[in-house]
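Residue indices begin at 1 and follow the sequence shown.
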Amino acid sequence: MSLSPRMLALFPLWYVVFLFSLTCHEAAHALAAKWGGDPTAFHGGQVTLNPLPHIRRELFGAVIFPVITFALSGWMMGWASAPYDPRWQERHPRRAAWMALAGPAANLALVLVAAGAIRAGILIGTLSVPARANFTHVVGASHAGVAEGLATFVSILFSLNLLLMAFNLLPIPPLDGMTAAGIFLSDEAALRFARFARNPAFLMVGMLIAWKLFDVIFDPLFTLGLNFLYPGAGFH
């Protein structure tokens, strides 16, 4: 894919939203682990909204890979990670499940923040309900200039965090949903799930299955999100 002037203009907005969302996700994991009794990520500097410790830990996933995927496809993929003590997880599998859930919960919080900003922008007349919506155009701008940049920013914030939340909640290793499922299980079953999620043999297969499955579920989820955002608009 060749990068058009519009795509180049979108890159800074995309990367700011991507890095902020990734940082919130990993910081939430780290904070939940600390609250649950594992200070590993805290001592590693991951309990922070400063993106630099997260970039230093996963330079390729947080910087290089997002740039490559944006250049090839026009949207960003990437990853970061928060360290934890596997012995703590063995002793407290349900606490580890809450730690796993914290990352997607942070993304949900950002979806709600974006939705609140969109509704507020519409209320004051800066933003407008679009006739058609897509990933980077969840809301329209009432006039040219700053409002257009704001509309694109909150659109990406809404869409990307909806994607990150839903994707990471899939109960497939190595995604958070596999470990988070332990919240609903006994300690013994939660521990079995956690061990299965850590098995390197399943990581690549799990990611391939997750991407195929997500192709099917994200479009309906995005449409559902739009209809919650704009009740009665009838997006389909």
Side-chain angles (χ1 to χ4, degrees), residues 1-28 49 51 62-63 65-80 103-170 211 214-236:
M1 156 174 193
S2 60
L3 289 177
S4 66
R6 172 173 167 74
M7 293 305 299
L8 289 173
L10 280 176
F11 176 80
L13 285 176
W14 254 104
Y15 190 67
V16 167
V17 174
F18 171 83
L19 188 59
F20 177 66
S21 304
L22 197 69
T23 297
C24 289
H25 181 103
E26 297 304 333
L49 294 182
V63 179
F65 196 71
V67 172
I68 292 172
T69 52
F70 187 81
L72 293 177
S73 64
W75 64 295
M76 289 186 182
M77 297 167 53
W79 64 87
N107 295 125
L108 175 60
L110 291 177
V111 171
L112 297 177
V113 167
I118 289 169
R119 297 304 305 180
I122 292 171
L123 185 64
I124 64 176
T126 302
L127 303 177
S128 60
V129 180
R132 299 181 66 181
N134 58 43
F135 200 96
T136 58
H137 188 66
V138 171
V139 66
S142 298
H143 49 82
V146 174
E148 290 180 314
L150 177 63
T152 302
F153 181 86
V154 293
S155 292
I156 298 172
L157 186 67
F158 179 90
S159 302
L160 181 61
N161 280 282
L162 185 64
L163 185 153
L164 290 172
M165 177 199 70
F167 183 71
N168 279 287
L169 281 177
L170 291 175
W211 275 118
F214 202 68
D215 282 343
V216 175
I217 67 173
F218 183 70
D219 281 347
L221 178 64
F222 183 64
T223 302
L224 181 64
L226 289 174
N227 286 306
F228 271 112
L229 184 59
Y230 303 120
F235 284 99
H236 57 272

Between [X] and [Y] (side chain of the first, backbone of the second, donor and acceptor by atom type, cut-off under 3.5 Å), is there such a pair?
X    : Y    : result
T126 : I122 : no
E148 : G145 : yes
N168 : P104 : no
T69  : P66  : yes

Nearest 0.5 Å, please: how far is [atom2] in [Y] from [atom1] in [X]?
X    : Y    : atom1 : atom2 : value
M76  : S21  : CE    : OG    : 11.0 Å
L112 : N107 : CG    : CG    : 11.0 Å
L164 : L160 : CG    : CG    : 4.5 Å
M77  : F18  : CE    : CZ    : 9.0 Å
F235 : N227 : CZ    : CG    : 7.5 Å
S155 : N134 : OG    : CG    : 8.0 Å

Please tell me if the side chains of [X] and [Y] come closer than 4.5 Å, counting only heavy atoms from C-beta onward.
X    : Y    : answer
F20  : P51  : no
F158 : V154 : no
W79  : H25  : no
L163 : W75  : yes
L162 : F218 : yes
L150 : T152 : no
F11  : V67  : yes
L226 : V138 : yes

Give the minimum heavy-atom separation between [X] and [Y], together with the two atoms involved.
X    : Y    : answer
I118 : L229 : CD1-CD2, 3.9 Å
P130 : V139 : CD-CA, 3.9 Å
A28  : A106 : CB-CB, 3.7 Å
V16  : F153 : CG1-CE1, 4.1 Å
P220 : I217 : CD-O, 3.3 Å
H137 : R132 : CD2-O, 3.3 Å

Is it the case that atom NE2 in H236 sees more than 12 heavy atoms from other parts of the structure closer than 6.0 Å?
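Check fails, neighbour count at 12 or below.
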Strictly under 6.0 Å, is that where the ring centroids of W14 and F135 end up?
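Yes.
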